[in-house]
Amino acid sequence: MPSVYAIDASSDFSAGGSAATSTRVTTLSLVPIEHEYLLPAKPESDSVERETPLRRALHSLARSADLLRVLTESDLRFRYGRGPWRFVRWLLEPVALVGVYLLLVTFILDQSGEAVGLSLTCAVIPFQLVMLTIANAMTTLEARRPILLNMAFNRTLLPASCALTECVGFASSFFLLIFMMGVYGVAPTWSILWFPPVLLVNLLLAIAAAYGAILLGIWLRELKAFVLSFVRILFFLAPALVPLEQTSDSVRDALKLNPLTGLFEAYRDVFLYGQRPAAWELFYPLIGAVILFVVFVPIYRAEQRQFAKVV
Amino acid sequence: MISAYGIGVQFLFNRHLRVVTPGEARLRGRRMTTWGLRDVTFSIGHGEGTALIGPSGSGKTTLLRVLAGVFEPDRGKVDICGRVASLLSVDAGLLPLLSGRENALLLGVIAGLPRRAAVRALEEVKARSGFEEAFDRPVLTYSQGMKARLGFAVAEETNPQILLLDEVHEALDHEFRSFLQERAHAIVEAGGIVVAAGHDHPMLATICTRAIWLEHGSIREDGAFEDVQPRYLDSVQTQGG
């Protein structure tokens, strides 16, 4: 028999999911509750109705979506500030990032090939989504310290929030891709319809990496720069500056094991070569994301219970 | 209603005496372990105002954070029935780079309001906090009292049944202290619960009829405020003298 009864639950979320505690937001009828926190909620209406499990799940989903949205919005405020210049910064950041590599490849390395700038953009942009998500994730606990110390909330949403923030930054990169296609006279083909699944795999890899990055951000806080350098090494251990077909035969198969390789090539297929990405180009990064999820999500779920103690 | 059964909260330290998570402790080794709370058992019924008293480092803040769901107990369990609002620091969970309005929206949703409701409540929060144009200024320009006012205004919007206060009232101006006392009384009279920690005992006495005296993370005494508080002060004077 449950020892505690609460007044109805309209939506719920868990701060930790441990056996000892969880959180639940109340509505208005007697329901048995064990080991639960009841957190603040103001029902939208005063109607008293018993909820079905489906409806409760939908409430929980809606609540998570709301939370994810406000966390991402606040992150974007940190990132871009306010005022008209934030849009300029948002638009120019990807240009500046690609520009550095473009100068390196075209002027210093004097690299020739098919639409070098576009090829490079197809590598830099997916990499930046992953890289900036990792960088953001490593500092996200520190940035949200006041909230972590004052209120309970679903902290498992933090990695997704980091990735969504960078996705907004990524949106301006899409304009850069279109611009580069125009510069090199590459006409869009039906292959562009493959962009959503490619982007989804890119986003999944970024979110999966964010779980690990948040943990590394607290475990190895004095080594954050080193971790980011390691991620940058992965960029150069993939066909970033040149397409995969221009790499030597001896390393080509090994390079495919880097999940970034598939992503870079998939972007090139969609935007440069105008063809459907090969299955491995989506499958390998997806496997990489799954491995990261399997390894880090259980550890994250256990560790997030302690975040408020260490920030 | 709040029921706590044998709560224990553990802190692990590395060799630099920084608190670490269990994962980091396993990865890099740990130097020592301390218990911020040990075997703390109590229950607080409806309509009860309870003060947590004790010296600094006795576990008052840790206990409030457990009740707020910020810390999860490493031992024991906590049952809480009712909507909880917490003001556990003077900054009240506000992010300094965001404006008052942006913070109110963020904290409103975190506190349990649907986003649409939190947006609708913004003008109400602005009016309740007494801010005018300051509501749209970054919080880093606010005084401590202003931060506490805004934090409390957001907490009020969730219509809390349980209010947790950790010394924040001690940073407030007299006008807002009276308002806070009034609201705390209203919550208690409506059958809610107020748990307040601090060293301003006259203020605590106006809100709380019960006191829990914490020492080294354990409950030393639990009883009527007018009984426990003088014994605590005697103990402090005895140790000091």
Side-chain angles (χ1 to χ4, degrees), chain A residues 3-7 11 13 15-16 18-23 25-26 33-42 44 59 62-63 65-67 69-71 73-74 77-78 81-82 143-154 215 218-221 299 302-310, chain B residues 1 3 9 11 18-24 27-28 65-66 68-89 91-99 102-103 105-107 109-118 121 151 155 157-162:
Chain A
S3 56
V4 181
Y5 287 81
I7 304 178
S11 63
F13 63 94
S18 74
T21 59
S22 63
T23 55
V25 177
T26 60
I33 291 180
E34 282 186 322
H35 316 303
E36 287 183 335
Y37 284 115
L38 303 176
L39 286 185
K42 193 173 188 177
E44 286 249 60
H59 267 297
R63 164 149 186 78
D66 275 351
L67 196 50
R69 183 170 167 184
V70 292
L71 287 172
E73 284 171 348
S74 67
R77 281 268 181 252
F78 284 134
R82 45 177 66 79
R144 300 185 195 288
R145 186 175 184 275
I147 304 175
L148 283 165
L149 288 178
N150 199 64
M151 301 170 91
F153 68 100
N154 187 351
L215 293 175
I218 52 169
W219 290 347
L220 306 171
R221 58 184 81 198
I299 303 173
E303 290 283 275
Q304 59 86 27
R305 299 176 52 209
Q306 311 285 335
F307 283 169
K309 290 181 188 170
V310 298
Chain B
M1 181 181 157
S3 302
V9 175
F11 291 92
R18 181 171 59 75
V19 181
V20 295
T21 62
E24 186 179 348
L27 194 71
R28 305 176 73 181
R65 285 188 175 148
V66 169
V70 171
F71 287 171
E72 290 183 34
D74 297 294
R75 283 199 188 146
K77 66 171 188 171
V78 181
D79 292 322
I80 297 182
C81 294
R83 285 184 294 271
V84 180
S86 50
L87 283 175
L88 302 184
S89 57
D91 65 23
L94 303 169
L95 299 177
L97 291 178
L98 301 186
S99 69
E102 291 156 356
N103 267 296
L105 177 62
L106 175 63
L107 296 188
V109 173
I110 288 177
L113 291 175
R115 190 178 181 280
R116 271 181 306 169
E157 194 51 41
T158 62
N159 195 17
Q161 295 156 326
I162 298 171

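Numbers restart at 1 for each chain; the letters A, B, ... are given by sequence-line order, proteins then strands. These figures come from a predicted structure and were not determined experimentally.
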Just by modelled atom types, is the B/Thr21 backbone N or O under 3.5 Å from a matching donor or acceptor in the A/Glu303 side chain? no

Within this structure, what is the CG-CZ distance for the pair A/Leu220 and B/Arg28, rounded to the nearest 0.5 Å? 5.5 Å

Looking at B/Pro22 and A/Gln306, what are the two nearest heavy atoms and their distance? CD-CG, 3.4 Å

Interatomic spacing from CD in B/Glu24 to CG in A/Leu215 - rounded to 0.5 Å: 10.5 Å

Distance-minimising heavy-atom pair for B/Ser86 and A/Met151: OG-CG, 4.2 Å

Interatomic distance, B/Ile110 atom CD1 to A/Leu71 atom CG [nearest 0.5 angstrom]: 5.5 Å

Evaluate the side-chain proximity of B/Leu88 to A/Leu149: yes if any heavy-atom separation is below 4.5 Å, no if none is. no

Taking the side chain as every heavy atom from C-beta outward, state whether B/Leu105 and A/Glu73 have any pair of such atoms under 4.5 Å apart. yes

Treating A/Arg77 as the side-chain partner and B/Leu97 as the backbone partner, does any N or O pair qualify as donor plus acceptor under 3.5 Å? no

Identify the two heavy atoms, one from B/Gly69 and one from A/Ala152, that lie closest to each other, and give their separation to 0.1 Å. O-CB, 3.4 Å

Closest approach of B/Val70 and A/Leu148, non-hydrogen atoms and distance? CG1-O, 3.0 Å

Closest non-hydrogen atom pair between A/Ile218 and B/Arg18, with its separation: O-NH1, 4.3 Å

To the nearest 0.5 Å, what is the distance between CG (A/Asn150) and CZ (B/Arg65)? 8.0 Å

Output yes when a side-chain donor or acceptor of A/Arg63 lies under 3.5 Å from a complementary backbone atom of B/Val109, and no otherwise. yes

Whatever's closer than 4.5 Å to a heavy atom in chain A on B/Leu27 counts as side chain

For the student: nearest non-hydrogen atoms of B/Phe11 and A/Lys309, plus distance: CE2-CG, 3.6 Å

So which residue, A/Ala302, A/Pro146, A/Ala62, ends up with the most heavy-atom pairs under 4.5 Å with chain B? A/Pro146

Examine whether an atom of A/Ala143 lies under 4.5 Å from a heavy atom of chain B, and if so say whether it belongs to the side chain, the backbone or both; otherwise answer neither. backbone

